[in-house]
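Just the heavy atoms: all of them, side chains too, but no hydrogens, waters or symmetry mates, feed the values below.
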Amino acid sequence: MEEATSSDLTCGNLPRHLSSFVNAFVDFSVSGLFFPNTKPNNPSAPTPAISTRFPAPSRLVAIGDLHGDHSKSLQALALAGLTDPFSLRWTGDATVAVQVGDVLDRGGDEIRLLYLLHRLKFEASRAGGELLTILGNHEIMNIEGDFRYVTPEGLDEFKQWGRWFRVGLSMKHLCSGLEKPSDPFKGIPTSFPGVKREFWEGFRARIAALRPDGILSRRFLSGNQTVVVVGDSIFVHGGLLQRHVEYGLERINEEARDWINGLKGRRSPTYMRGRDSVVWLRRFSEGFNCDCQHLEGILAMIPGVRRMVMGHTIQEQGINAVCENRAIRIDVGLSKGCSNGLPEVLEINGGLDLRVITANTLYDHRRVMREEEKDGLALLVSENRLKEVEAAA
């Protein structure tokens, strides 16, 4: 073997390899995860198309709000049969899973969860399955710079991310053969009046990471749907009104993606703001006296859709349904930063068999009802409680 000459070892001969190494180094330092055969932190990559409709799978799973709680999220993923709790690898085979938003805020593991879900998407796709993640109101708030629900632990996680990211920038600047990356912290204030000085660095890193065209928002959030149809179920964080459907589901997804990628200004689209927006609406997730006729009219506007699955509003009694199972509410307040609820997930088999897989040992019922049956899902605790199936947490 010929000995390499000093000219063979210059940065100019290895720009792509060195850049990929630095990206992988930063990823692992921040999350403990590697992303083989991917190109992380590549802002020049073309924006991928975003899909709104998916065919009905044999098995469909829905997971509620996670809010920065890594350990409880792992319990929910394992409960659903999607991941191995030790290796954190995808085990769901061809299952299609939907996480209905609000990964951010209220906890200290926000970045770890973004990385984990991102890697699971690749693994699910390779296995013939799919992991779809939806934008919640807390993702929208953070992209807009509204940090009202951020925790000190969350700010510290972003501060550490910022430091590792700067290490990566410094490594790249050492090599004259690499194109000099732009500094995502440029233009961000170094002080924040009214905020304790100890949190300034975390605030600054959070803005750099999550603002429109931010390092993490572009990478982890711009590919999220705002609304997605899988088979005969439509998933959205808050809910949909007639005007949202008339505006166009595909249009909503595309415009939200473009906004996150920095192509639509600083403020979110109008249908993302206010109590009747797609990420804030509680009309069909709060209480049990819903306007079912109104809901039926909305669902009738979307061909083939028979139910709406939502997060956003904590259901203290667990996953439940109203309007003859046309509105299913799956936010169980899982995170310790919320109500520390027991993990539960919704499972839909073949489009008809609906059940709740729960870690709650009070429920050991294993019969699964068909939605076509007269009494719906043979509701348990109250008339709105879906059929339970106990599983180990």
Side-chain angles (χ1 to χ4, degrees), residues 61-77 79-80 97-110 113 117 133-142 146 148-151 153-154 226 235-240 272 274-290 295 307-323 325-347 354-363 377 379-388 393:
V61 169
I63 300 172
D65 306 27
L66 302 179
H67 279 305
D69 193 322
H70 189 263
S71 62
K72 295 293 290 293
S73 298
L74 291 180
Q75 290 179 40
L77 290 165
L79 189 70
V98 182
Q99 194 281 317
V100 295
D102 278 6
V103 172
L104 298 179
D105 285 339
R106 303 189 187 277
D109 301 323
E110 299 160 281
L113 280 176
L117 294 172
T133 50
I134 288 178
L135 294 170
N137 61 305
H138 285 265
E139 280 73 54
I140 304 305
M141 292 169 69
N142 275 270
D146 184 344
R148 280 178 288 168
Y149 298 95
V150 173
T151 65
E153 295 80 10
T226 302
F235 297 85
V236 62
H237 182 69
L240 291 173
M272 295 285 203
R275 61 184 298 174
D276 284 338
S277 70
V278 294
V279 295
W280 283 97
L281 188 72
R282 299 186 193 272
R283 193 169 300 188
F284 306 118
S285 62
E286 195 167 55
F288 296 104
N289 296 315
C290 294
L295 175 63
R307 69 182 70 86
M308 188 184 300
V309 182
M310 298 154 283
H312 187 45
T313 303
I314 294 176
Q315 310 295 316
E316 296 290 351
Q317 74 274 43
I319 293 175
N320 63 83
V322 293
C323 300
N325 310 319
R326 296 297 184 256
I328 302 180
R329 298 89 71 87
I330 66 170
D331 178 11
V332 295
L334 176 81
S335 170
K336 290 185 286 292
C338 294
S339 58
N340 199 25
L342 287 170
E344 291 189 347
V345 299
L346 174 70
E347 180 182 65
L354 283 72
R355 67 175 183 171
V356 176
I357 306 176
T358 181
N360 190 338
T361 57
L362 291 177
Y363 302 103
L377 297 176
L379 311 174
L380 293 176
V381 179
S382 71
E383 64 178 1
N384 305 99
R385 187 70 164 125
L386 292 176
K387 194 68 182 176
E388 302 274 359

Among all residues two or more places apart in sequence or in another chain, which pass the side chain to side chain contact (heavy atoms under 4.5 Å, CB included) test with Asp276? Leu241, Arg243, Leu281, Arg283
Residues which pass side chain to side chain donor-acceptor pair (under 3.5 Å) with Ser339, listed by chain and number, not counting sequence neighbours: none
Does the His237 side chain pair with the main chain of Val100, one donor and one acceptor, at a distance under 3.5 Å? yes
Please evaluate residues Thr133 and Val103 with respect to the criterion side chain to side chain contact (heavy atoms under 4.5 Å, CB included), reporting the C-alpha separation (whole Å), side-chain torsions for both, the decisive distance (0.1 Å), and the verdict. CA-CA 9 Å; Thr133 50; Val103 172; 5.9 Å; no
For Phe284, what residues pass the ring pair (Phe, Tyr, Trp, His ring centres under 6.0 Å) criterion, not counting sequence neighbours? His294
Any side-chain heavy atom of Pro343 within less than 4.5 Å of one from Lys72? yes
Do any N or O atoms from the side chain of Gln99 and from the backbone of Gly64 form a donor-acceptor pair under 3.5 angstrom? yes
His138: ring pair (Phe, Tyr, Trp, His ring centres under 6.0 Å) partners, not counting sequence neighbours: His67, Tyr149
CG of Leu113 to OG of Ser71, rounded to nearest 0.5 Å, is 9.0 Å
Quick one: OG1 on Thr358 to CG on Leu342, what's the gap to the nearest 0.5 Å? 6.0 Å
Output for pair (Gln317 CD, Arg329 CZ), nearest 0.5 Å, gives 7.0 Å
Mind checking side chain to side chain donor-acceptor pair (under 3.5 Å) for Ser285 and listing every partner two or more places apart, or none if nothing turns up? Thr313
Just jot down the side chain to side chain contact (heavy atoms under 4.5 Å, CB included) partners of Val332, sequence neighbours excluded, or say none. Ile319, Leu334, Glu344
In this structure, SG of Cys290 is separated from CZ of Arg326 (nearest 0.5 Å) by 14.0 Å
With side chains defined as the heavy atoms from C-beta onward, is the minimum distance between Asp65 and Ile314 less than 4.5 Å? no
Which residues pass the side chain to side chain donor-acceptor pair (under 3.5 Å) test with Asp109, sequence neighbours left out? none
Say you draw a straight line from CE of Met310 to CZ of Arg282; how long is it, rounded to the nearest 0.5 Å? 12.0 Å
Of all heavy-atom pairs between Thr151 and Gly107, which one has the smallest distance, and what is that distance? OG1-O, 3.2 Å
Side-chain donor/acceptor of Arg106 to backbone N/O of Asp69, under 3.5 Å: no
For Asp102, all residues meeting salt bridge (Lys or Arg N to Asp or Glu O under 4.0 Å), sequence neighbours excluded: none
Heavy atoms of Arg307 and Asn325 approach each other most closely as CB-O, 3.6 Å
Sorted by chain and number, sequence neighbours left out, side chain to side chain contact (heavy atoms under 4.5 Å, CB included) with Ala80 holds for Val61, Leu82, Val345
What residues form a side chain to side chain contact (heavy atoms under 4.5 Å, CB included) with Arg148, not counting sequence neighbours? Met141, Asp146
What pair of heavy atoms forms the shortest contact from Leu79 to Ala359, and how long is it? CD2-N, 4.0 Å
Just to verify, what does Glu139 make a salt bridge (Lys or Arg N to Asp or Glu O under 4.0 Å) with, not counting sequence neighbours? none
Interatomic distance, CG@Leu104 vs CG@Leu135, rounded to 0.5 Å, equals 9.5 Å
Contacts of Asp331 that satisfy side chain to side chain donor-acceptor pair (under 3.5 Å) - sequence neighbours left out: none
